[in-house]
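Before I ask anything, here is the structure I am working with.
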Amino acid sequence: MAVLLQFAGSSCHAQTSLDEAQVKKFLIATTAAKNLYVDTISDEKMIEDAIKGVLKELDPHSAYTPAKDVQALTEPLQGNFEGIGVQFNMVEDTLVVIQPVSGGPSEKVGIIAGDRIVTVNDTAIAGVKMSKENIMKRLRGAKGTKVRLGVKRQDVKGVNEFVVVRDKIPVYTIDAKYMVDATTGYVKIGSFGATTHKEFIEAVSMLREKGMKDLIIDLQGNGGGYLQTAVAITNELLGANELIVYTEGRIQPRMNYVSQGHGVFREGKLTVLIDSYSASASEILAGAVQDNDRGLIVGRRSFGKGLVQRQIDLPDKSMIRLTIAHYYSPSGRCIQKPYKKGDLKSYDMDIVERLKSGELTNADSIHLPDSLKFTTLKKKRTVYGGGGIMPDVYVELDTTQFTKLYREMSAKSCIINTSLKYIDKNRKRLQKSYSDFESYMASFEVPQDMIDMLLEKTKEAKIEYSDSDLTETMPLVKTQLKALIARDIWDMSEYYHIVNSLNSIYLKGVATIKEKEL
């Protein structure tokens, strides 16, 4: 008798039979290992290893996730988690609140920016070298549960106790939204989660109120997320009955995703920014915008992740993500880059190979065969397949932009720790001096005492440099420090408003949306 496996709740209702002889073969092997092997074998580990072994020989994105890791994997896309609601950083082994979540449980009991949380339920978390992950586990918990926090505050003696009732805390997936100039809006999407579509509509509405006519969507570094979210956001950009993406697999029939024509940004110039780490859902949006001639894509060839995964939940709350189909852009390009089954190492090294080949640093080195040519649907422009989305306007990677000294300062946390220490000491003064971001943007200059603090941390990190290294590096460092202070006083939009001045793809995107029309 064959063994039947049927997956419920899916658009795929096929039943697949496993040959009885092969099932017996597996059972004999695992039973023998369990009963005869020289050392004790865990049933759980043996089965997990078997599942991993099967998936390893498939594609690079089919994977098994143990039960203990499922929540951490899915939480960033779900739109919320349960906890106390603070943004924080560790300053010299102490948790310092950057800002409480507006309307969240910590703000409700009076916790403010600059507070130091030193104990959780009478357990010390400051000065004991506790990992950030361990601290987060203590702060998070089920909605409605209580946690006692011991808090130190500047200018207030002793440790004050706050009892916080945990609640659902929103996770935002749009990292930044601001006006580039009087008519151009900018939205940076960090991932495509459960709330991203709603966040996007709110961002566009806010920018329109400020005079936005044209829009830059930044997908740099966006590794993807939910297919349906990418489709919903792309629907806001296209006219009626325009193909957004289609999927097709061996068992999965072709499924077309088509725009409805009632989107919030169907007119006005549109530019989408991508890089080598823009993947999956990001490539769906970029491919649809390009193939439908809705806007221009600026940057470098995207990652090339065009495989559709389906989540299969297992009885012990672990799960499998199994590839069931491919994504195709409206012109028929398969977004997935080539891969060899079972060869994950080569797949992971693809970005390095792009750098070695010159693709990232020299656009003239890119020569694509005619077999990879496709045509856009309206204006019949040539676009290219072969894996990933090739931009309309290519921006070469400048490997000399960030100096060796800057990279070492960043890698050893000298820059971030300097900003955290400075803002901790000067928060009230800065908030009093700069009533709004515009005045800060226009007039704040990184002071000498902050530079001295940075150089002291650089010395502590044993980073060697020359006077010429420092002269070349300081403009980059000052921009980064200014952006980090803005982030802590305001939010991520202000951070990106400043730090984007160092981003060549962003700068080219701004120039493109002003100069070029399709």
Side-chain angles (χ1 to χ4, degrees), residues 173-180 183-193 195-220 222 224-247 256-274 278-299 302 327-331 333 335 376-379 381 383 389-393 505-506 509-510 512-514 516-518:
T173 53
I174 287 188
D175 294 335
K177 49 187 182 294
Y178 62 82
M179 292 297 293
V180 176
T183 59
T184 306
Y186 168 86
V187 175
K188 180 172 179 60
I189 304 176
S191 62
F192 290 84
T195 64
T196 313
H197 180 219
K198 179 175 179 288
E199 292 176 51
F200 180 77
I201 291 175
E202 291 172 351
V204 170
S205 177
M206 181 270 284
L207 294 172
R208 280 198 185 282
E209 289 177 3
K210 294 185 176 183
M212 180 186 72
K213 295 181 179 178
D214 304 322
L215 176 62
I216 297 171
I217 298 177
D218 190 348
L219 301 178
Q220 294 177 82
N222 184 323
Y226 296 139
L227 164 65
Q228 293 292 353
T229 302
V231 168
I233 293 176
T234 308
N235 180 63
E236 303 297 339
L237 309 173
L238 302 178
N241 299 315
E242 294 185 297
L243 184 61
I244 295 172
V245 68
Y246 67 91
T247 63
N256 294 331
Y257 296 85
V258 178
S259 60
Q260 304 302 306
H262 48 66
V264 297
F265 193 77
R266 289 168 291 157
E267 298 179 355
K269 288 196 286 185
L270 175 65
T271 293
V272 178
L273 312 182
I274 61 172
S278 305
S280 190
S282 294
E283 295 171 297
I284 290 173
L285 188 153
V289 167
Q290 188 177 54
D291 285 0
N292 285 294
D293 295 296
R294 174 63 183 89
L296 292 173
I297 311 302
V298 175
S302 62
Y327 293 124
Y328 294 87
S329 76
S331 66
R333 293 179 287 171
I335 292 171
T376 62
L377 303 184
K378 294 179 181 177
K379 300 197 174 182
R381 297 181 300 124
V383 290
I389 301 298
M390 185 65 76
D392 301 299
V393 180
I505 292 177
Y506 169 84
V510 172
T512 298
I513 205 166
K514 292 179 182 302
K516 295 187 178 182
E517 298 220 26
L518 275 175

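Numbers here simply count residues along the sequence, with the first being 1. Here the structure is a predicted model, which means the values were calculated and not measured.
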Measure across G224 and S280 and return the closest heavy-atom pair with its distance rounded to 0.1 Å. CA-CB, 4.1 Å

Between V264 and I201, what is the shortest heavy-atom contact and its length? CG1-CG2, 4.4 Å

Please answer whether the main-chain N or O of I389 pairs with a side-chain N or O of R333 as donor and acceptor at a distance below 3.5 Å. no

Residues in side-chain hydrogen bond (donor to acceptor under 3.5 Å, both in side chains) contact with T376, at least two apart in sequence or another chain: D293

Could you tell me whether a side-chain N or O of N292 sits under 3.5 Å from a main-chain N or O of L243, the two making a donor and an acceptor? yes

Once side-chain hydrogen bond (donor to acceptor under 3.5 Å, both in side chains) is applied, what residue pairs with a partner in residues 204-213 remain, sequence neighbours excluded? none

Nearest-0.5 Å distance, CD1 of residue I284 to OH of residue Y328: 13.0 Å

Rounding to 0.5 Å, atoms CG (D218) and CG (L273) come to a distance of 4.5 Å

Just by modelled atom types, is the G261 backbone N or O under 3.5 Å from a matching donor or acceptor in the R266 side chain? yes

Compare every heavy atom of Y226 with every heavy atom of G193, then report the nearest pair and how far apart it is. C-CD1, 3.7 Å

Calculate, to the nearest 0.5 Å, the distance between atoms CG and CG belonging to N235 and L285 respectively. 11.0 Å

For E202, check side-chain hydrogen bond (donor to acceptor under 3.5 Å, both in side chains) against everything at least two apart and list the hits. K198

Distance from K177 atom NZ to I217 atom CD1, nearest 0.5 Å? 14.0 Å

Taking all non-hydrogen atoms of both residues, which atom of S329 and which atom of D291 are closest, and how far apart? OG-OD2, 2.6 Å

How many angstroms lie between atom CD1 of I216 and atom CD1 of I513, to the nearest 0.5 angstrom? 5.0 Å

Tell me which pairs pass salt bridge (charged side-chain N to carboxylate O under 4.0 Å, His left out) where either residue lies in residues 226-244, with sequence neighbours left out. E242-K378

Is there side-chain contact between L207 and M179, with heavy atoms separated by less than 4.5 Å? yes

Output yes when a side-chain donor or acceptor of Q220 lies under 3.5 Å from a complementary backbone atom of G299, and no otherwise. no

Minimum heavy-atom separation for G225 and A281, please, with both atom names. N-CB, 3.9 Å

For the CD1 atom of I297 and the OG atom of S278, what is their distance to the nearest 0.5 Å? 10.0 Å

A176: which residues meet the side chain to side chain contact (heavy atoms under 4.5 Å, CB included) condition with it, sequence neighbours left out? Y186, K188, S493, Y496

Looking at D392 and L296, would you say the former's side chain and the latter's main chain have a donor-acceptor pair under 3.5 Å? no

Do F192 and L219 come within less than 4.5 Å of each other through their side chains, counting heavy atoms only? yes

Is there a side chain to side chain contact (heavy atoms under 4.5 Å, CB included) between Y257 and L227 once you walk through the steps? CA-CA 10 Å; Y257 296 85; L227 164 65; 3.4 Å; yes

Shortest non-hydrogen contact from E283 toward S302: OE2-OG, 2.7 Å

Check side-chain hydrogen bond (donor to acceptor under 3.5 Å, both in side chains) between T196 and all other residues, then give those that pass, not counting sequence neighbours. T173

Are the side chain of E267 and the backbone of F265 linked by a donor-acceptor contact shorter than 3.5 Å? no

For the side chain of T184 and the backbone of D214, is there at least one donor-acceptor N/O pair under 3.5 Å apart? no

